[in-house]
Amino acid sequence: SCSPEKLLKTMVETGKVRREEAEAISLKNIDNFLKSDLAKRVSLAEKQGKIYKEMPFTLRTVHESREILVQGIIDCCFEEIGENGEKYFVLLDYKSNFVSEKSEEVYESFRRMYRRQIDLYEEALEKICGIPVKERYLFMLNTGDTLSI
C-alpha cells in the first residue's frame, strides 16, 4: 500500500503537483483519501493489473462545430466489472487548486471548471478502449475531498 508521503512525492516527481503546492498539501488529507472506499477500489484494480496512471492520449473530436485534435494525460483510470459482467472505467483526476472553503457552492464551481476536461477524458477512453466510463471523480488535494463529476 502507498503512504501519503510516497504518493505526494510521486506527484511532484511526475509534475502533477509543483513543489510549492506540495508543501501546502496536508498529508492527513492524502491519508484520508488512501483510507477511502474509492482508494480501496483503486488498490484492487492495481493488484489486478486493471489500472492506468498518467495515460497519454490523442483525440480527434468536434468542438463548437470544428474538428480539433486534443492531447492530454489522464491522471488515473481503472477498470471494474459490474454486476452483469460488463466492463467499465472509473476516472480519477487529481486537483491541487487552493480551496477557499469547503462548501457545495465552491465545489460546484470546480465541477463546472473541469467538466469539459473530464468529458474529453471520457470520450478518449471510450473511443480508444471501447469501454464505457461509468464514474468520474476529482480528488481535491488541498481538502482531501473527492467530488463526483
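Everything numeric in this text was worked out from a predicted model, so none of it was measured.
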Side chain proximity check, [X] to [Y], heavy atoms < 4.5 angstrom:
| X | Y | result |
| --- | --- | --- |
| Ile131 | Leu125 | no |
| Cys77 | Met55 | yes |
| Tyr88 | Glu79 | no |
| Asn142 | Asn29 | no |
| His63 | Arg116 | yes |
| Leu91 | Ile118 | yes |
| Lys134 | Val90 | no |
| Glu108 | Met113 | no |

[X] with [Y]: basic N within carboxylate O range, under 4.0 Å:
| X | Y | answer |
| --- | --- | --- |
| Asp31 | Lys35 | yes |
| Lys87 | Glu80 | no |
| Arg18 | Glu20 | yes |
| Lys53 | Glu46 | yes |
| Glu5 | Lys9 | no |
| Lys6 | Glu13 | no |

Discussion item. Using 30° and 60° as the class boundaries, would you call the ring planes of Phe139 and Phe33 parallel, tilted or perpendicular?
Written reply: tilted

Discussion item. Under a plain distance cut-off of 3.5 Å, with no hydrogens placed, do Thr61 and Glu123 share a side-chain donor-acceptor pair?
Written reply: yes

Worksheet item: In terms of side-chain heavy atoms, does Asp145 have a donor or acceptor partner in Tyr107 at a distance below 3.5 Å?
Response: yes

Atom [atom1] of [X] with >12 non-hydrogen neighbours under 6.0 angstrom:
| X | atom1 | result |
| --- | --- | --- |
| Lys127 | NZ | yes |
| Glu105 | CD | no |
| Arg19 | CZ | no |

Which atom names give the shortest non-hydrogen contact between [X] and [Y], and what distance separates them?
| X | Y | answer |
| --- | --- | --- |
| Ala124 | Phe57 | CB-CD1, 3.4 Å |
| Arg111 | Ile149 | O-CD1, 3.4 Å |
| Thr14 | Glu54 | OG1-OE2, 4.2 Å |

Hey, any chance [X] and [Y] share a hydrophobic cluster, counting ILVMFWY side chains that come within less than 4.5 Å of each other, even indirectly?
| X | Y | result |
| --- | --- | --- |
| Leu138 | Leu38 | no |
| Ile68 | Ile128 | yes |
| Met140 | Leu27 | no |
| Tyr94 | Ile73 | no |
| Leu141 | Leu34 | yes |

If you round to the nearest 0.5 Å, how far is [atom2] of [Y] from [atom1] of [X]?
| X | Y | atom1 | atom2 | answer |
| --- | --- | --- | --- | --- |
| Tyr121 | Leu59 | OH | CG | 11.5 Å |
| Glu21 | Glu23 | CD | CD | 10.5 Å |
| Phe89 | Cys76 | CZ | SG | 10.5 Å |
| Asp75 | Asp93 | CG | CG | 4.0 Å |

Discussion item. Under a 3.5 Å distance rule, please check whether Glu126 uses its side chain to pair with a backbone N or O of Val133 as donor and acceptor.
Written reply: yes

Worksheet item: For the side chain of Ser43 and the backbone of Ala39, is there at least one donor-acceptor N/O pair under 3.5 Å apart?
Response: no

Worksheet item: Stepwise, does the side-chain contact (heavy atoms from CB on, under 4.5 Å) test hold for Val42 with Leu92?
Response: CA-CA 9 Å; Val42 169; Leu92 176 59; 4.2 Å; yes

Worksheet item: Is the NZ or CZ atom of Lys95 both under 6.0 Å from the centre of the six-membered ring of Tyr114 and within 45° of that ring's axis?
Response: yes

Worksheet item: Quick one: are the ring centres of Tyr52 and Phe78 less than 6.0 Å apart?
Response: no

